[in-house]
Structure formats: structure tokens, C-alpha cells
Amino acid sequence: MTLNLKLTPDFFLRDVLLVAPDLLGKQLVRRFPDGLIKKFTITEVEAYRGEEDLACHASKGRTSRTEVMYQSGGRIYVYLIYGMHYLLNFVTEREGIPQAVLIRGIDDIKGPGRVSKIVAIDKKHNRTSLFESEEIWVEDTEIHAEYFTDVRVGIDYAGDYWKNKPWRFIMNWQRE
DNA sequence: GTTAAGATTCCG
DNA sequence: GGAATCTTAACG
């Protein structure tokens with residue numbers, strides 16, 4: 001008997017370095033505009049942690065763009081990158097602490113831009129609450145995901161210290 | 001108002 | 001290796 005329960009605030013109101021690996025193996029659930037519901041297993045994420053993290057958008061401080069990261073955990077942060085790709089993030093921690101998890105992979109889909117395309121995420125989902133949305137939420141599973149870590153992708157500008165943090169979390173391929 | 005650069009992807 | 005494509009933030 002598998003219970004698929006929607007994740008609640010207590011899951012997201014923790015440090016991003018705890019939430020990020022815990023999201024591996026969880027189900028990203030999407031009710032598409034036509035009403036069809038699909039569930040995707042989260043397989044790869046990255047953590048962005050506060051104003052001091054030079055790779056985190058919040059290192060620029062509180063702006064209209066980063067304001068959502070300062071809200072309490074459980075909201076969606078979506079932004080457009082390179083003029084063509086929307087990237088999907090989940091905000092973590094209590095109000096006032098700007099952190100977020102970037103969803104880099106689901107099922108066999110690799111790459112955060114492709115994730116948003118498959119799940120049909122765009123800027124209108126920015127600031128949406130995962131607890132109140134009828135379109136997007138995350139469900140718990142009984143999967144205990146094994147994973148390994150690596151450095152985050154595409155943040156050479158963040159300087160040696162931050163760019164070398166092993167804050168990318170990748171679920172191991174399941175072998176039966 | 002102008003401009004540089006980006007948590008990327010796809011094509012050649 | 002480079003283009004595509006546009007928002008944000010920094011600067012004037």
C-alpha cells in the first residue's frame with residue numbers, strides 16, 4: 001500500500017541543504033490545462049542558499065525578482081534564462097531566509113530548461129504555493145533515494161569558493 | 001535609456 | 001563552437 005501524500009510546509013521549512021536531497025525520488029505532480037494529471041519522479045536538483053551564496057540570485061539582495069525567495073518555503077520560483085528557458089525552483093526555509101532548490105531532472109529528462117518544457121511551467125507559475133495550487137504540487141513516496149553530489153552547473157561567475165560547493169544532488173540509477 | 005550577461009539547449 | 005532570445009540589474 002503506497003500512500004502518495006502532498007508534501008506540507010514542514011518539509012520545505014528547513015535548510016535547503018536538507019530539503020534538496022530529500023526531494024530526490026519525490027513526485028512532481030502536474031495537472032495540465034486539459035485536466036490530465038501526470039506525475040514525474042524528481043531525479044536531480046541543486047541548492048541555492050542565501051544572500052552569501054554568490055551563485056544564488058538572492059546574493060543581489062531583495063529585488064522584485066528575488067522577493068519570492070524570501071517568502072516562506074513551499075512557493076515556486078520561476079524565471080526566464082537566456083531569453084528562452086524557464087527554470088523551476090522550490091523556495092525553502094522560513095520567511096526572510098532566501099533559499100531555493102532548482103529542479104534539474106525528472107524521470108529520464110536531463111536539464112532544467114527541458115524539465116519546465118515537459119511539465120509546462122512558465123512565468124505565470126512564479127510565486128505559486130505548492131500547498132494551494134490545483135496545477136502543481138509535490139507528493140511523498142516510499143522511495144529512499146540513493147544519491148551522489150557534484151558541483152553546481154553554469155555558475156563560474158560565483159567565484160572559486162561558491163562554485164566548488166557540492167550542492168548538486170543526483171539520484172543514483174535504480175538497479176533491480 | 002542603455003547595456004552586459006545569464007542556475008541553457010540545440011544545431012552544425 | 002555558436003546562435004537563439006529577453007529579463008534583470010547595474011550604470012549613466
Side-chain angles (χ1 to χ4, degrees), chain A residues 7 11-12 14-26 28 30 32 38 40-93 96-130 133 136-138 145 147-172:
Chain A
L7 293 182
F11 181 90
F12 293 96
R14 295 180 295 153
D15 191 283
V16 70
L17 295 179
L18 297 176
V19 176
D22 271 5
L23 278 169
L24 298 174
K26 299 290 188 286
L28 172 60
R30 174 71 162 116
F32 289 92
K38 288 187 183 176
F40 307 87
T41 301
I42 297 172
T43 57
E44 182 175 341
V45 300
E46 282 177 357
Y48 289 87
R49 189 170 185 271
E51 294 180 346
E52 63 176 6
D53 176 5
L54 295 182
C56 182
H57 290 166
S59 64
K60 304 291 185 186
R62 197 164 189 150
T63 66
S64 58
R65 181 200 211 188
T66 64
E67 199 277 332
V68 64
M69 296 181 76
Y70 288 78
Q71 295 185 32
S72 67
R75 285 186 187 276
I76 291 172
Y77 169 38
V78 180
Y79 67 94
L80 182 67
I81 190 67
Y82 300 118
M84 40 176 54
H85 304 293
Y86 290 104
L87 300 207
L88 171 64
N89 301 257
F90 299 149
V91 174
T92 69
E93 264 288 8
I97 303 176
Q99 303 181 344
V101 179
L102 170 66
I103 309 301
R104 287 194 64 88
I106 52 173
D107 296 335
D108 57 344
I109 304 299
K110 293 291 186 186
R114 302 185 68 204
V115 166
S116 293
K117 184 170 184 181
I118 295 292
V119 186
I121 300 294
D122 64 46
K123 63 183 179 185
K124 74 172 176 288
H125 299 291
N126 192 34
R127 306 186 184 204
T128 295
S129 168
L130 290 170
S133 175
I136 306 168
W137 62 94
V138 184
Y147 65 88
F148 60 98
T149 62
D150 202 345
V151 296
R152 294 172 292 180
V153 176
I155 56 160
D156 287 348
Y157 59 85
D160 287 342
Y161 180 77
W162 295 104
K163 109 183 158 189
N164 288 322
K165 290 286 188 186
W167 287 355
R168 180 156 56 113
F169 303 86
I170 306 139
M171 193 166 81
N172 288 335

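Letters go in sequence order (proteins before strands), and every chain restarts at 1.
Distance, A:Ile109 CD1 to B:dT8 P: 16 Å, rounded to whole Å. Residue A:Lys123 contributes atom NZ, which lies 16 Å from atom P of C:dT5 at whole-angstrom precision. The distance from atom CD1 of A:Ile121 to atom C1' of B:dT8 is 17 Å, rounded to the nearest whole Å. Rounded to an integer number of Å, the gap from A:Arg152 CZ to B:dG6 P is 15 Å. Residue A:Phe169 contributes atom CZ, which lies 18 Å from atom P of B:dA7 at whole-angstrom precision.
Checking C:dT7, B:dA7, B:dG6 against the side-chain heavy atoms of A:Tyr82 singles out B:dG6 as nearest.
At a threshold of 4.5 Å between non-hydrogen side-chain atoms, the residues A:Leu7 and A:Leu130 do not count as touching. Looking at A:Ile136 and A:Ile121, their side chains come closer than 4.5 Å, going by heavy atoms from C-beta outward. A 4.5 Å side-chain heavy-atom check between A:Thr41 and A:Met171 finds at least one atom pair inside the cut-off. No side-chain heavy atom of A:Lys163 sits under 4.5 Å from any side-chain heavy atom of A:Val151. In this structure, A:Arg49 and A:Cys56 have side chains that are not in contact, with every pair of non-hydrogen atoms separated by 4.5 Å or more. A heavy-atom distance below 4.5 Å is not found between the side chains of A:Ile170 and A:Tyr147. Put simply, the side chain of A:Ser59 does not reach to within 4.5 Å of the side chain of A:Glu51, judged on heavy atoms.
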Can you name the atoms? Protein N/O to nucleotides 9-12 of chain B N/O, anything below 3.5 Å, with the distance.
{"residue": "B:dT9", "atom": "OP1", "partner": "A:Gly111", "partner atom": "O", "Å": "3.2"}
{"residue": "B:dT9", "atom": "OP1", "partner": "A:Pro112", "partner atom": "N", "Å": "3.0"}
{"residue": "B:dT9", "atom": "OP1", "partner": "A:Gly113", "partner atom": "N", "Å": "2.8"}
{"residue": "B:dT9", "atom": "OP1", "partner": "A:Arg114", "partner atom": "N", "Å": "3.2"}
{"residue": "B:dT9", "atom": "O4'", "partner": "A:His85", "partner atom": "NE2", "Å": "3.1"}

Check the interface with nucleotides 8-10 of chain C: list each N/O to N/O pair with the protein under 3.5 Å, or write none.
{"residue": "C:dA9", "atom": "OP1", "partner": "A:Thr63", "partner atom": "OG1", "Å": "2.6"}

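Rounded to whole Å, the separation between the P atoms of C:dT5 and B:dT2 comes to 22 Å.
A donor-acceptor pair is defined here as one N or O able to donate and one able to accept, closer than 3.5 Å; no such pair exists between the side chain of A:Arg104 and the backbone of A:Glu44.
Looking at A:Asp53 and A:Arg152, a side-chain N of the basic residue comes within less than 4.0 Å of a carboxylate O on the acidic one, giving a salt bridge. Between A:Asp22 and A:Arg14 a salt bridge is recorded (basic side-chain N to carboxylate O distance below 4.0 Å).
Tested against A:His57, the residues A:Tyr157, A:Tyr79, A:Tyr70 include a single ring-ring contact (aromatic ring centres under 6.0 Å, His included) partner, A:Tyr79.
Contact check of residues 153-164 of chain A against DNA chain B (heavy atom, cut-off under 4.0 Å) returns A:Val153, A:Gly154, A:Ile155, A:Tyr157.
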Could you go through residues 82-90 of chain A and list every donor-acceptor pair under 3.5 Å that involves a side-chain atom there, pairing it with any protein atom two or more places apart or in another chain?
{"residue": "A:Asn89", "atom": "ND2", "partner": "A:Tyr77", "partner atom": "O", "Å": "3.1"}
{"residue": "A:Asn89", "atom": "ND2", "partner": "A:Leu87", "partner atom": "O", "Å": "3.4"}

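Residues that satisfy the ring pair (Phe, Tyr, Trp, His ring centres under 6.0 Å) test with A:Tyr48, not counting sequence neighbours, are absent from this structure.
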Using Watson-Crick and G-U wobble pairs with both distances under 3.5 Å, what is the 5'-to-3' dot-bracket string of DNA chain B, with [ ] for crossing pairs and | for pairs outside the strand?
-> ||||||.||||.
